Chemist: 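Sharing a structure, written as structure tokens. Questions coming.
Letters A, B, ... mirror the listed sequences (proteins, then strands); counts begin at 1. Because the structure is a prediction, the values reported are computed rather than measured.
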Amino acid sequence: MPAGLVSVHLLPLLGTSNLVDRLTFGVGATIVVLGAIGVVISRNPVHAALMLVMTLFGVAVLFVQEGANFLAAVQVIVYAGAIVVLFLFVIMFLGVDREENLAEEPLPLQRPLALGLMVLAIAGLLLLGIGSKWSIGPQSVAGPAAHQPGGDVAALGRSVFTTYLFPFEITAALLVIAVVGAVVLARRLRPPAEESSAGGVGGAAEDVGAAEDEGDDEDDEGIDSTEDMARSVAETVTARGRSDSDGTEAGP
Amino acid sequence: MSVPGAWYLALGAVLFSIGGLGLLVRRNVLVMFMCIELMLNAANLTFVTFARMLNDIGGQALVFFVLVVAAAEVVVGLGLVVAIFRRRRGTTADDLHMMKG
């Protein structure tokens, strides 16, 4: 007997969509929890990132089951497609993808305390959920979610562009600020030798002064006389030149 | 919808707690960021569940904003990690002890 025929006959036996819904929830919840545990206990950061992808896909499945189709798509595109890739990019860029030893623990009480706090948090949240009515309040502040013309995408779009228009515009400013902040943070400071050659008109005294200021920041051990200072400035400038040709920063 | 919303809320609580546990016990800054993402996802799941239970699209709109804020947070946080790694050659949280006042 073909397998398709069996499943056609079995579907009514399995009952309603009730069981299918519960099965979907069970599979999604299992994926989510296993992925989350994998993020916490994996020794390699790359494995942790892949486990994070697994959790995000599980959450996307649950979003679909709750009728939030647009958010499920955005979850996969933005989280799994952009944020995790950014994580992996930084891991590879820094070269920190080695295994770390999780057995060594500098603070002896940290793990038991953290586990206790976690159990306490779960118990407290579940007890609060059981004991009190959380899902109350005025209904449909921003419009109903279910059975809208155009589905959840249109309903979400109407809500974002009417009720939540001002927060939506604020997020634009937030993203610009984040981009500017990332550029400023990841910028490599130009060494003073390059500045003097690029500046051209600036006098030699100004360049020495600038190099002196930077030199005071970095190596301020035992500078007594002006000759020492001049020598340390010269050393700093040559070190900067070397490091510039190497393409690496001169560490303190 | 046959699956009760309470199940989703319980799953959100469990996911949030696992993320918080990872944030407390791990020392790699990148993994700590991933645990923050887990906690944000737990909050998102709870928002979507309440949007369904209360039949209010506002919960889904909030998830939209949480996604934007999470993206901005990750960008700035990873920029910080790169900037720190240039000076310190390490990405564990213990390497940042020079920031204490």
Side-chain angles (χ1 to χ4, degrees), chain A residues 18 21-22 25 29 32-33 36-37 39-40 45 48-49 52 55-56 59 62-63 66-68 71 74 78 82-83 86-87 90-91 94 96 100 110-111 114-115 118 121-122 125-126 129 135 139-146 152 155-156 159-160 164 167 171 174-175 178 181-182 185-186 249, chain B residues 1-3 5-11 13-22 24-26 28 30-31 33-35 37-38 41 44-45 48-58 60-61 63-65 67-72 74-76 78-83 85-87 91 94:
Chain A
N18 195 340
D21 276 348
R22 287 178 188 226
F25 176 82
V32 165
V33 172
I37 292 174
V39 170
V40 175
L52 183 63
T55 298
L56 299 175
V59 172
L62 296 179
F63 278 0
E66 295 206 86
L71 288 179
V74 168
V78 172
I83 291 182
L86 197 60
F87 270 118
V90 170
I91 290 170
L94 297 182
V96 290
E100 53 180 306
Q110 188 183 16
R111 284 190 183 159
L115 262 176
M118 185 188 103
I122 293 182
L125 281 171
L126 292 185
S135 184
Q139 305 242 329
S140 291
V141 178
D152 66 312
L156 188 57
S159 171
V160 164
Y164 294 101
T171 58
L174 178 74
L175 284 176
L185 283 173
E249 290 257 337
Chain B
M1 278 305 152
S2 55
V3 181
W7 292 19
Y8 288 98
L9 297 183
L11 178 65
V14 170
L15 186 57
F16 189 87
S17 300
I18 293 174
L21 175 74
L24 286 176
V25 302
R26 291 306 294 264
N28 191 327
L30 291 162
V31 180
F33 268 119
M34 292 178 203
C35 293
E37 298 303 319
L38 287 183
N41 266 282
N44 282 352
L45 191 60
V48 171
T49 305
F50 275 130
R52 193 193 87 197
M53 288 167 74
L54 296 174
N55 194 17
D56 190 342
I57 199 70
Q60 295 192 20
V63 173
F64 184 77
F65 293 126
L67 279 169
V68 175
V69 172
V74 163
V75 166
V76 175
L78 292 180
L80 277 173
V81 169
V82 170
F85 190 83
R86 279 210 190 123
R87 288 187 171 272
T91 57
D94 292 337

Chemist: Search all heavy atoms of A:Val40 against all heavy atoms of B:Ile18 and return the closest pair with its distance.
Modeler: CG2-O, 3.6 Å
Chemist: Specify the closest pair of heavy atoms between B:Leu15 and A:Val59, including all atoms of both residues, with the distance to one decimal.
Modeler: CD2-CG2, 4.4 Å
Chemist: For chain B, which of A:Ala121, A:Ala48, A:Ala182 has the most heavy-atom pairs under 4.5 Å?
Modeler: A:Ala48
Chemist: How are the rings of B:Trp7 and A:Phe25 set to each other: parallel, tilted or perpendicular (split at 30° and 60°)?
Modeler: tilted
Chemist: What part of A:Ala29 lies closer than 4.5 angstrom to a heavy atom of chain B: side chain, backbone, both or neither?
Modeler: both
Chemist: Please classify the contact between A:Val160 and chain B as side chain, backbone, both or neither, with a heavy-atom cut-off of under 4.5 Å.
Modeler: side chain
Chemist: Quick one: closest heavy-atom pair of B:Leu21 and A:Met118, and the distance?
Modeler: CD2-SD, 3.5 Å
Chemist: Sort out for me which residue in A:Leu185, A:Leu94, A:Ile83, A:Leu86 forms a side-chain contact (heavy atoms from CB on, under 4.5 Å) with B:Leu78.
Modeler: A:Leu86
Chemist: Which one of B:Leu80, B:Val69, B:Asn41, B:Leu45 has the most heavy-atom pairs closer than 4.5 Å to chain A?
Modeler: B:Asn41
Chemist: Quick check: does any side chain N or O of A:Arg111 sit under 3.5 Å from a backbone N or O of B:Val25, one acting as donor and the other as acceptor?
Modeler: no
Chemist: Answer with side chain, backbone, both or neither: which region of A:Leu175 has an atom nearer than 4.5 Å to a non-hydrogen atom of chain B?
Modeler: side chain
Chemist: Do the non-hydrogen side-chain atoms of A:Tyr164 and B:Phe64 ever get within less than 4.5 Å of each other?
Modeler: no
Chemist: How many angstroms lie between atom CG of A:Leu56 and atom CD of B:Glu37, to the nearest 0.5 angstrom?
Modeler: 8.0 Å
Chemist: If you take all heavy atoms of A:Gln110 and B:Leu24, which pair is closest and at what distance?
Modeler: NE2-O, 2.6 Å
Chemist: Less than 4.5 Å to any heavy atom of chain A: does that hold for the side chain of B:Ala10, its backbone, both, or neither?
Modeler: both
Chemist: Flag the one option from A:Val39, A:Leu71, A:Val90 with the top tally of heavy-atom pairs under 4.5 Å to chain B.
Modeler: A:Leu71
Chemist: Find the distance between OG (B:Ser17) and CG (A:Leu115) and round it off to the nearest 0.5 Å.
Modeler: 11.0 Å
Chemist: Taking all heavy atoms of B:Val75 and all of A:Ala178, pick out the closest pair and write down the distance.
Modeler: CG1-O, 4.0 Å
Chemist: At a heavy-atom separation under 4.5 Å, does A:Ile122 approach chain B through its side chain, its backbone, both, or neither?
Modeler: both
Chemist: Measuring only between side-chain heavy atoms, which start at C-beta, is B:Leu11 closer than 4.5 Å to A:Leu62?
Modeler: yes
Chemist: If you count the non-hydrogen atoms of other residues, nucleotides and ligands that lie under 6.0 Å from CZ in A:Phe63, is the total more than 12?
Modeler: yes
Chemist: Can you tell me how far apart CG (B:Leu67) and OG1 (A:Thr171) are? Round to the nearest 0.5 Å.
Modeler: 11.5 Å
Chemist: So, taking the atom named CD1 in A:Ile91 and the one named CE in B:Met34, what distance separates them when rounded to the nearest 0.5 Å?
Modeler: 4.0 Å
